[in-house]
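Everything quoted here is computed from the prediction, not taken from an experiment. Chain naming here is simple, since letters A, B, ... match the order of the sequence lines and numbering starts at 1 in each.
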Amino acid sequence: DGGITQSPKYLFRKEGQNVTLSCEQNLNHDAMYWYRQDPGQGLRLIYYSQIVNDFQKGDIAEGYSVSREKKESFPLTVTSAQKNPTAFYLCASSTTYGSRNTIYFGEGSWLTVV
Amino acid sequence: SQQGEEDPQALSIQEGENATMNCSYKTSINNLQWYRQNSGRGLVHLILIRSNEREKHSGRLRVTLDTSKKSSSLLITASRAADTASYFCATDPVDSWGKLQFGAGTQVVVTP
């Protein structure tokens, strides 16, 4: 089935550790996105990629890093510099960059700092 | 900063009733989208309305857009228990093309 797969669904991180969230899509989409959602809040854009080997910072990129070496993959690393990383992380993709295109979301990953 | 603000924050209705929620935004937009999110899941796209459109329908959904008031509404008719979810509006501001701005959402509970 076509879609976006995020893993793991639940992740626990000790303070000072880096963790990487995986996002894979088989929709042949050029654009991919990472959003953060805090309880009772809307989504905030962390990073986005319009095409392979290219990515740009979103509104809250500090403490995060990404790579886009393959069209289907857009992993997000939450570094120790992110002071409050506990949140729900959503990966998304669209045919091309731009809001005229429907954005498809994965099922999300819960990250908790312990 | 959040561009879209939904109202009400929460809504509880019975099956068969209509549910209406509103979204207000601050700056000029290219379009506005509505998404649904079931608890702990990803978002699902419902409908997109462009800035030059005033109303769109999709099944039991009706969306209106009033650019002079910078507001939009989502109406779900004949609601079902399966409509229980959070609903978000997302705006595409003219000055930051492609960077959707999401509101905090309206949590809708439909009881049988």
Side-chain angles (χ1 to χ4, degrees), chain A residues 3-10 21 23-25 27 29-51 54-61 87-112, chain B residues 1-10 21 23-53 56 58 65 72 85-108:
Chain A
I4 300 173
T5 301
Q6 290 187 239
S7 62
K9 180 68 176 180
Y10 300 95
L21 306 180
C23 178
E24 302 278 332
Q25 55 99 356
L27 301 168
H29 286 172
D30 282 326
M32 297 187 74
Y33 315 80
W34 274 106
Y35 290 91
R36 170 179 171 145
Q37 185 178 29
D38 293 281
Q41 304 281 322
L43 278 64
R44 292 183 290 169
L45 182 64
I46 305 172
Y47 268 97
Y48 64 99
S49 169
Q50 298 188 42
I51 200 165
D54 176 74
F55 52 83
Q56 284 86 37
K57 294 181 180 180
D59 299 322
I60 56 165
F88 188 50
Y89 290 87
L90 287 156
C91 179
S93 70
S94 60
T95 307
T96 57
Y97 179 74
S99 65
R100 293 181 184 84
N101 302 297
T102 298
I103 294 181
Y104 296 86
F105 285 84
E107 289 297 296
S109 293
W110 292 93
L111 173 62
T112 302
Chain B
S1 64
Q2 290 182 343
Q3 164 81 316
E5 298 288 341
E6 289 92 343
D7 173 64
Q9 291 185 338
M21 60 210 84
C23 171
S24 60
Y25 56 92
K26 299 175 183 175
T27 63
S28 296
I29 60 173
N30 294 309
N31 60 62
L32 184 147
Q33 302 182 42
W34 285 92
Y35 287 81
R36 184 187 74 225
Q37 183 181 34
N38 291 88
S39 181
R41 306 290 296 274
L43 276 71
V44 175
H45 181 264
L46 296 176
I47 198 163
L48 179 152
I49 186 165
R50 304 187 194 286
S51 60
N52 61 352
E53 297 176 313
K56 285 192 79 170
S58 177
L65 178 64
S72 173
S86 292
Y87 293 82
F88 295 87
C89 69
T91 55
D92 175 27
V94 168
D95 60 357
S96 59
W97 178 72
K99 290 187 181 180
L100 291 183
Q101 299 289 325
F102 287 82
T106 293
Q107 188 173 1
V108 176

Q: Before giving the answer on ring pair (Phe, Tyr, Trp, His ring centres under 6.0 Å), spell out for B:Phe102 and B:Tyr35 the whole-Å C-alpha distance, their side-chain angles and the decisive distance to 0.1 Å.
A: CA-CA 9 Å; B:Phe102 287 82; B:Tyr35 287 81; 5.7 Å; yes
Q. Under a 4.5 Å heavy-atom cut-off, does chain A meet the side chain of B:Glu6, its backbone, both or neither?
A. neither
Q) Side chain, backbone, both or neither: which part of A:Tyr48 has a non-hydrogen atom closer than 4.5 Å to chain B? A) side chain
Q | Contact class of A:Gln6 relative to chain B, heavy atoms under 4.5 angstrom | A | neither
Q. Partners of A:Ile60 by side chain to side chain contact (heavy atoms under 4.5 Å, CB included), sequence neighbours excluded?
A. A:Arg36, A:Arg44, A:Ile46
Q | Heavy atoms of other groups near A:Gln56 CD, more than 12 under 6.0 Å | A | yes
Name each donor-acceptor pair under 3.5 Å that joins a side chain in residues 42-51 of chain B to protein atoms two or more places apart or in another chain, with its distance.
{"unit_1": "B:His45", "atom_1": "NE2", "unit_2": "B:Gln33", "atom_2": "OE1", "d": "3.2"}
{"unit_1": "B:Ser51", "atom_1": "OG", "unit_2": "B:Asn30", "atom_2": "O", "d": "3.4"}

